[in-house]
Protein chains: 2
Amino acid sequence: MTRANDMPPTAAKSTVENIQEELLRRICFLEYPPGTQLKEAELARDFGVSRTPVRDAIARISHLGLVETRNGVGTVVIALSDEDIRHVYDMRLQLAPMIGTLSPREITDEHRQICRALLCEAHALRDRFDAGLYIALNHRLHRLIASLIGNTALRAFWWQTYYQAASIWYHVGLAAETEVTNALVSELSEIDSALAIGDVAAVGHIQRVHIGYGYARIQKHRPGHPHSPR
Amino acid sequence: MTRANDMPPTAAKSTVENIQEELLRRICFLEYPPGTQLKEAELARDFGVSRTPVRDAIARISHLGLVETRNGVGTVVIALSDEDIRHVYDMRLQLAPMIGTLSPREITDEHRQICRALLCEAHALRDRFDAGLYIALNHRLHRLIASLIGNTALRAFWWQTYYQAASIWYHVGLAAETEVTNALVSELSEIDSALAIGDVAAVGHIQRVHIGYGYARIQKHRPGHPHSPR
DNA sequence: ATCAGCTAAGCTGCATACAGCTATACCGTC
DNA sequence: GACGGTATAGCTGTATGCAGCTTAGCTGAT
């Protein structure tokens, strides 16, 4: 399939791809929390381009449902409703085991090394928590998992649900630092064990388990529903 | 200076949404077979707008991987590789049973009426085959199924895989008219029975079964075996 | 006849100007 | 003071011109 589906294992090339990736990063890394208004002219200045490529990038991520743009008003970052979040998590719970069953990729030493490095950094996170680092680690972990998925459609869906869910559980992560850090460490060490014996299916089931844990944490620490129109 | 607002309450879709939908229709209905070059200027003339909304529409469907646009060259409709097709079908086989398990919608009499109408028209198709009608029936059937899916993420994925697979099995349909017509009739009558007793899960499994049949037909009639002149 | 190099045509990518829509603040009226 | 209509600011939607990239085809030397 085209490289439009699988996200960025390597660096994107064209201008709008860069902007697209950066916008997604800022949204799911909570630099643009729900309710933020994305002004095309302003973003255009930020990126040093005209409104056209910015509009293009926004159009390309519109299918994720993370932003909504209304004529004459503006483009705002959406806060997913509780029901939407449940739907996304239900979907992820179903997708996770497929990682090991639908054309999984072969595990290489590179995978193992990346996982080992992530585990090491996650340990460091226990001593001194850093929100940005926590988010970055999760993102790299997700990239690692995605690189084990051989089925193109599944990999695309895995990314889509990740982007949809990310901003939510990163938000929770900031409210329960030690809890999520310990969860990340144990998830990584389990994955490390699975990678050691080359068992992709195990990785899928580990994901399945920890997605369940993550959803439970969301329900526990969810902020007192401020205003989530939909 | 308020002018009379006598707009019909039904048509409220934006220009680019219309173009987007029409492009997808033309691609998966094989009016734009793989290899077709989509020239922005030409499409703009067709739709009576400038290049801008056309570009916007193309950008919005780019994530499906059905078109690929390269700078200086053009935008062409992609022919999915055999492996991609297999991946999409593997995915659809997994998604189908979820229709009945992930927040299914309640079946209403409207659903039953639509299904009955489709079944009736499919019967008529047996007497006199018409490619356009066959494709349109399948499309309406897909809309019916999608309207039973309550999980937002699943519904979105269901549509995505449909668009990705549609052009393939519509292509096969043109080479095995009576076979696909009979398959459509039996699929519709099975769904009719499931709707009658309000069993959405059954609908999901019926889909699962017929997706399997569809993939088998693709492998049977795929270019390479039957008619290979020169 | 062959091939390197060049030229021109045609496409997308980008910038910019303008039109249209929406929400808000303002102002005159009651 | 309350209210309805209106002007206005700011945003997105659209049209258009130009620049850059790519390819095909032509030309001329070998």
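Just so we're on the same page: letters track the sequence lines, and every chain starts at 1. Here the structure is a predicted model, which is why all the values come from computation and not from measurement.
- You'll find the ring centres of B/Trp159 and B/Tyr163 inside the 6.0 Å limit.
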Between protein and nucleic acid, restricted to nucleotides 18-21 of chain D and to nitrogen or oxygen atoms under 3.5 Å apart, what atom pairs and distances do you find?
none

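- In this entry the distance linking CG of B/Leu43 with P of C/dC11 reads 11 Å, nearest Å.
- A salt bridge is defined here as a Lys NZ or Arg NE, NH1 or NH2 lying under 4.0 Å from an Asp or Glu carboxylate O, and A/Arg26 with A/Glu22 meets this definition.
- For A/Glu40, the side-chain atoms get nearest to D/dT12 when compared with the rest of D/dC11, C/dC14, D/dT12.
- Using bins of under 30°, 30° to 60° and over 60° for the plane-to-plane angle, the ring pair A/Tyr215/A/Tyr89 lands in the parallel bin.
- Taking CG from A/Leu24 and CD1 from A/Ile61, the interatomic distance works out to 4.5 Å, rounded to the nearest 0.5 Å.
- Distance B/Phe47 CZ to D/dA15 P: 13 Å, rounded to the nearest Å.
- At a threshold of 4.0 angstrom between heavy atoms, the contacts of B/Ser14 with the nucleic acid are absent.
- Between A/Ile19 atom CD1 and C/dG13 atom P the separation is 13 Å, expressed in whole Å.
- In this entry the distance linking CD of B/Gln37 with P of C/dG10 reads 12 Å, nearest Å.
- The separation between A/Asp56 atom CG and D/dT14 atom C1' is 14 Å, rounded to whole Å.
- Note on A/Thr52: a base of the nucleic acid sits closer than 4.0 angstrom, heavy atoms only.
- Ion pairing between B/Asp56 and B/Arg60 holds under the 4.0 Å rule for side-chain N and carboxylate O.
- The distance from atom CD of A/Glu17 to atom P of C/dC14 is 10 Å, rounded to the nearest whole Å.
- Within the 4.0 angstrom heavy-atom criterion, no nucleotide atom of any strand lies near A/Ile58.
- Counting only residues at least two apart or on different chains, the salt bridge (Lys or Arg N to Asp or Glu O under 4.0 Å) pairs with a member in residues 135-152 of chain B are B/Glu121-B/Arg140.
- Phosphate contact (OP1/OP2 of C/dG13, side-chain N/O of A/Thr15, threshold under 4.0 Å): absent.
- Between A/Val49 and A/Arg70, it is A/Val49 whose nearest contact on DNA chain C lies nearer the 5' terminus.
- Below 30°, between 30° and 60°, or above 60°: for B/Tyr170 and B/Phe29 the angle between ring planes is above 60°, a perpendicular geometry.
- As judged by a 4.0 angstrom heavy-atom cut-off over every strand, A/Arg55 is placed among the base-contacting residues.
- With rounding to whole Å, B/Lys39 atom NZ is found 13 Å from C/dT12 atom C1'.
- The CD atom of B/Glu68 sits 14 Å away from the C1' atom of D/dT22 (whole-angstrom rounding).
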